[in-house]
Amino acid sequence: MPHELPKAYEPGDIEKRWAEYWISEKLFSVKTPPAGEKRPVFTLLLPPPNVTGRLHMGHMLNQTQMDIIVRWHRMRGFLTLWLPGTDHAGIATQMMVDRQLRSEGKSRLGMGREKFVERVWEWKRHYGGAILDQMKRLGASVDWDREYFTMDENLSRAVREVFVRLYEQGLIYRGKYIVNWCADCGTAISDLEVKHEDVPGKLYEIRYPVIGSDEFITVATTRPETMLGDTAVAVNEKDERYTHLHGKKVLLPLMKREIPIITDELAQPEFGTGAVKVTPAHDANDFEAGLRHNLPQIEVIDEHNKMSSNAGPYAGLDRFAARAKVLEDLTAQGFLVATKDYTVALGKCDRSGTIVEPRLSTQWFVKIKPMADKAIAAVERGEITIVPDNYRQVYLNWMRNIHDWCISRQLWWGHRIPAWRCSCGEMIVARETPAKCPKCGAAALEQDTDVLDTWFSSGLLPFTTLGWPEKTRDQEVFYPTTLLITAYEILFFWVARMVMFGCHFMQGHQQDPALKQASGWGEKKDDSVPFRQVYIHALVRDAERQKMSKTKGNVIDPLEIIERFGTDATRFTLAAMAAPGTDIAFNESRTDGYRKFANKIWNAARFMFMNLDAAEHAGVWKRAELPADLGGFRPETLEDRWILSRFQRVTKDVNDALETFRFHEAANRIYDFFWGDFCDWYIELIKPRLAVDGNKDSVKAACGNLMSLFEASLRLLHPVMPFITEEIWQAVYDGKPPQKSIALAAYPKADETRIDLDAETEMAVLQDLIVSVRNLRAELKVETKAKVPIQIYAPENGVRGLVEGNRNAVERLATVENVEFVQTSLARLPGARHTARFDVHVIYEKQVDVAAERERLKKDLEKIEKEIANGQRQLSNEQFLAKAPAQVVEGLKKRAAELQVLREKTASKLKELG
RNA sequence: GGGCGGUUAGCUCAGCUGGUUAGAGCGCCUGCCUUACAAGCAGGAGGUCGCAGGUUCGAGUCCUGCACUGCCCACCA
């Protein structure tokens, strides 16, 4: 790799090149180790995007976080498996292909099930890989050799196995119940797929004539059209208003049907009139009540949301047209008593937006309670930790109030339910297509036409992707997976289901004890859980905090952002903004800032290579093998000791932050270190030492130190910015790196013995001095290039020695030409600045702006006084001295001493100025 | 109806387990094309941490209430 790097960083080609390299070299493919290996293992399952999906910001955030964690583990020596795949996404995909067919003038129904499914497969082969290709652009370090698709044969077999086992265990049943029906999708959907929306509506009060009296009983409803299917009116047993009507009947208006008045807890005396109409076929509560009282179920709305023949004169009308007509007729006949404004929680289909109809229908259900109990226990016992912690409670609440899960869908695309019906009425649930009916021997069996809810199969992925139902080595090694990173939105859809299925089907499973131990999970007792940890990340919103949506047109396309700013910068943005618990308002200006950060790194690299090459050319230094992990770093000067110390700190902080998913902290720490410490100070300080005409040994050391530290910093940054770090890292090794990729190099580990407090303190004083002089120069309006003489008063020997020892640095970085030490304080002079440890005076003929100076000092003094007062109050408080940690007291005392000095200097100067 | 978050500089956000002087980026102002970087450098202005109480030696951080705001869950017509 030539070191003639272009002046500005151009991510496009570089990123593409390395993304391809990582894949073609199979760097992230994992071989399952045999028994006997003792190595930490890290497993992560990619939440499978829909095959129909296109990468959006949510994916990108999710994948960036996963990739950071994955690369970090890999570099720390974990056997790291990240499993990618896609979800067949039943409804979404079917709708997509439906639409395509329609545009060709064809229809699903016209072509028949078999042909349609074949067509979907064809579509999948063509377009299904798009989202994974987009992932490749992000640099996601997944194991492409293990890519799965939820409809793969082996995964489908596992799905059938699960279904049959649950059926045999009595945990799957089939029955006619109220389900959420979406007429648009033509299928039942689960409770989770219904989104409630508060909309202004009406509450209608309708009176039903009581038979055998001239009395009426008034019921309240938001859905008058369902009265056509009423089979009772309920009142509460304790409601004395209605005691005299118990056992009587009413004549249902419009339908002229006699229906009983029943007593049931369904009716709450406080609400409305205390009497409620009962429509068992169109309301979940009424359905239950109907069962309790053995009421007939009259379906008046069909699967197309039209009134059925049971609706008499209203048959054929759309449900809402029917509502209008019913109200009209009720009014005309004097049955409508009142119409009140009322907010209705309308249930809409998550997918199509159609208003969902509670409808009586025969479906398959999972009896969820037994599995939910295990899933609750796993989290309660801490076998699974959920981060941030508040989601733990959300999860538990949901799990404790869970209802049976409707798993059948009236679709063609998906895992078909492995149940067959014989004409004799026998139902056969089997792993493989049965040849004949076990009861009557008939061969003409019809398979159930429904498919399974997509989440049924994705809920199994943690173990089915590892070869279940066979007992495989993969499971011993990689199950339970270590972590799951996902969005809150699918906590219930997916996470909760994985926990239930995992705990149920992997009960008794044991991870290879040696690997489990080495991975740090030794104390965990239960290896049936699908993952040890769950991290829930925030939502990405637009810059105005709005949820992104196609209809609002505020969707930010990550690929477009990547195109403009580079993948690394985009990844960095997402990491830096991802503070746990808060949503991310994606702001391009931040990404632009991180693009500049990449450029900064790039130019620091150019600087380094320029100097290394010059040194090598001059024969002062040879680019030999770079000792691993800062092994070649020889601290010679203050800045060497200082930067080494700072590096240990940033390394510690970054590792700590990643341990607890504080991505923003990790990113910001590296940013500050690299830009602030490394570029602004270290590089500036080391510059003269790199001059090839200098002392050979010291040039050599400087080159080695610069390169060592840069190389280590690249490794530190790599999980967040994989591309630019790879590019420069490869160049550092001149195409002969010790590993094929920086992704396989070791992650920096903090060595706290290399933290040098003295160096940090001294450097801070030096920085203070230089900044003070720069300050004064600006204030005095000294021409930029003019070197000025300065005077320094530094009563402490240490400080004086420090400045003398780094006189060069001061002269260069503050543009100073002569440093004179004096014996008396300079604080009062115009054109001087002071800190607690030194005074510095810039000798220059121009005058300071006295008024401005006075203002500044006044402000300073005020602050100092305030702080002194605060400090004194605390230090004179016995309680404080007794209770506060010694370190805090000590610090405060030290500060108090400093403040005294500062106050005196500042006050006397202020006095001087008048 | 239940639950969960947010409110800190003009804007977008950090501030983890309470501890000395509340930070960053962007924007703004001033001066610099100093041979790594003008996608840069140097300097600067800008905050009674939503409001009111409380706990504590000490509160942006913990507690209570209020206000505004966002989200999730829910089979009361």
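Numbers restart at 1 for each chain; the letters A, B, ... are given by sequence-line order, proteins then strands.
Rounded to whole Å, the separation between the C1' atoms of B/rU7 and B/rC51 comes to 11 Å. A distance of about 11 Å separates the C1' atoms of B/rC41 and B/rC33, rounded to the whole Å.
Take A/Asp350 and apply the side chain to side chain donor-acceptor pair (under 3.5 Å) test, not counting sequence neighbours, and it matches no residue. Not counting sequence neighbours, A/Tyr242 has no partner by the ring-ring contact (aromatic ring centres under 6.0 Å, His included) test. For A/Tyr9, the ring-ring contact (aromatic ring centres under 6.0 Å, His included) partners are A/Trp602, not counting sequence neighbours. Under the rule for a ring-ring contact (aromatic ring centres under 6.0 Å, His included), the partners of A/Phe673 that lie at least two apart in sequence or sit in another chain are A/Phe647. For the side chain to side chain donor-acceptor pair (under 3.5 Å) test, residues two or more places apart in sequence or in another chain that qualify with A/Ser361 are A/Gln363. Judged as a side chain to side chain donor-acceptor pair (under 3.5 Å), and not counting sequence neighbours, A/Thr761 has no contacts.
The distance from atom CZ of A/Arg777 to atom C1' of B/rC41 is 13 Å, rounded to the nearest whole Å. The CG atom of A/Leu875 sits 12 Å away from the C1' atom of B/rG58 (whole-angstrom rounding). Nucleotide B/rG3 holds its P atom 17 Å from the OH atom of A/Tyr391, rounded to whole Å. Rounding to whole angstrom units, CD1 of residue A/Ile728 and C1' of B/rC37 are separated by 12 Å. A/His664 places its NE2 atom 10 Å from the C1' atom of B/rC13, with the value rounded to the nearest Å. Between the C1' atom of B/rU20 and the NZ atom of A/Lys894 lies a distance of 12 Å, rounded to the nearest Å. Here B/rC73 presents its P atom at 13 Å from CG of A/Asn397, a figure rounded to the nearest Å. At whole-Å resolution of the value, CZ in A/Arg873 and P in B/rG58 are 8 Å apart.
A/Asn390 comes within contact range of the sugar-phosphate backbone alone, with a heavy-atom separation under 4.0 Å but no base atom that close. A/Gly593 comes within 4.0 angstrom of no nucleic acid atom, judged by non-hydrogen atoms across all strands. At a threshold of 4.0 angstrom between heavy atoms, the contacts of A/Glu684 include nucleobase atoms, whether or not backbone atoms are also involved. Using a 4.0 Å heavy-atom distance criterion, A/Asn870 is classed as making no nucleic acid contact. Using a 4.0 Å heavy-atom cutoff across all strands shown, A/Tyr9 reaches at least one base atom of the nucleic acid. The residue A/Lys687 sits close to a base: some heavy atom pair falls under 4.0 Å. Among the protein residues, A/Met577 comes within range of the sugar-phosphate backbone only, with heavy atoms under 4.0 Å from sugar or phosphate atoms but none that close to a base.
Salt bridge status for A/Glu898 with A/Arg895: present, with a side-chain N to carboxylate O gap under 4.0 Å. Taking 4.0 Å as the cut-off between side-chain N and carboxylate O, A/Glu867 and A/Arg903 do not count as a salt-bridged pair. Note on A/Lys893 versus A/Glu890: no salt bridge recorded, every NZ/NE/NH1/NH2 to OD/OE distance being 4.0 Å or above. The pair A/Glu225-A/Arg223 counts as a salt bridge, with a side-chain nitrogen and a carboxylate oxygen less than 4.0 angstrom apart. Under 4.0 Å is where a charged nitrogen must lie from a carboxylate oxygen, and between A/Arg649 and A/Asp653 no such pair does.
If you check distances only, the side chain of A/Gln874 does reach the base of B/rG19 with a donor-acceptor pair under 3.5 Å. A donor N or O paired with an acceptor N or O is not found under 3.5 Å between the base of B/rC37 and the side-chain atoms of A/Arg606. For A/Lys600 against B/rC37, a side-chain N or O and a base N or O form a donor-acceptor pair under 3.5 Å.
Counted by atom type alone, A/Arg837 and A/Thr835 present zero donor-acceptor pairs between their side chains at under 3.5 Å.
Residue A/Lys7 places none of its side-chain N or O atoms closer than 4.0 Å to OP1 or OP2 of B/rU35. Distances shown here put every side-chain N or O of A/Lys596 at or beyond 4.0 Å from the OP1 or OP2 atom of B/rA38. At B/rC41, one or more side-chain N or O atoms of A/Trp675 fall inside 4.0 Å of OP1 or OP2 (strictly under the cut-off).
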Dot-bracket for RNA chain B, 5' to 3', counting Watson-Crick or G-U wobble pairs under 3.5 Å, with [ ] for crossing pairs and | for inter-strand pairs? (((((((..((((.....[...)))).(((((.......))))).....(((((..]....))))))))))))....

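Each of A/Ala8 and A/Lys863 was matched to the nucleotide of RNA chain B holding its nearest heavy atom; the match closer to the 5' end belongs to A/Lys863. Toward the 5′ end of RNA chain B lies the nearest nucleotide of A/Lys781, the other residue of the pair A/Lys781 and A/Asn603 mapping further downstream.
Between A/Phe678 and A/Tyr682, the ring planes lie parallel to each other; the angle is under 30°, not in the 30° to 60° tilted range. Below 30°, between 30° and 60°, or above 60°: for A/Phe597 and A/Tyr671 the angle between ring planes is between 30° and 60°, a tilted geometry.
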Under 3.5 Å, N/O pairs linking protein and nucleotides 32-34 of chain B:
none

I'd like a table of atom pairs between the protein and nucleotides 43-47 of chain B - only N or O on both sides, under 3.5 Å - with the distance next to each one.
unit_1, atom_1, unit_2, atom_2, d
B/rG43, O3', A/Asn775, OD1, 2.9
B/rG44, OP1, A/Asn775, OD1, 3.0
B/rG44, OP1, A/Asn775, ND2, 3.4
B/rG46, OP1, A/Lys859, NZ, 2.9
B/rG46, OP2, A/Lys859, NZ, 3.4

Atom pairs, N/O to N/O, protein against nucleotides 74-77 of chain B, distance under 3.5 Å?
unit_1, atom_1, unit_2, atom_2, d
B/rC75, O2', A/Asn285, ND2, 2.2
B/rC75, O2, A/Asn285, OD1, 2.0
B/rC75, O2, A/Asn285, ND2, 3.2
B/rC75, N4, A/His403, NE2, 2.8
B/rC76, O2, A/Gln268, OE1, 3.4
B/rC76, N3, A/Gln268, OE1, 3.4
B/rA77, OP2, A/Tyr342, OH, 2.9
B/rA77, O2', A/Ala220, O, 2.9
B/rA77, N6, A/Gln268, O, 3.1
B/rA77, N6, A/Phe271, O, 2.5
B/rA77, N1, A/Gln268, N, 3.1

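Contact between A/Ala615 and A/Cys703 at its shortest, heavy atoms only, is CB-SG, 3.7 Å.
In the region residues 877-890 of chain A, proximity to RNA chain B at under 4.0 angstrom, judged on heavy atoms, holds for A/Asn877, A/Gln879, A/Phe880, A/Lys883, A/Ala884, A/Pro885, A/Val888.
Cation-pi geometry between A/Lys687 and A/Phe607 is satisfied (NZ or CZ under 6.0 Å from the ring centre, within 45° of the ring normal).
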Show which side-chain atoms of residues 228-237 of chain A pair as donor or acceptor with protein atoms under 3.5 Å away, not counting sequence neighbours.
unit_1, atom_1, unit_2, atom_2, d
A/Asp230, OD1, A/Lys277, NZ, 3.0
A/Asp230, OD1, A/Thr279, OG1, 2.7
A/Asp230, OD2, A/Tyr208, OH, 2.7
A/Thr231, OG1, A/Pro296, O, 3.1
A/Asn236, OD1, A/Lys238, N, 3.0
A/Asn236, ND2, A/Ala267, O, 2.7

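Panel note: side chain A/Arg833, backbone A/Val771; no donor-acceptor pair is recorded below 3.5 Å.
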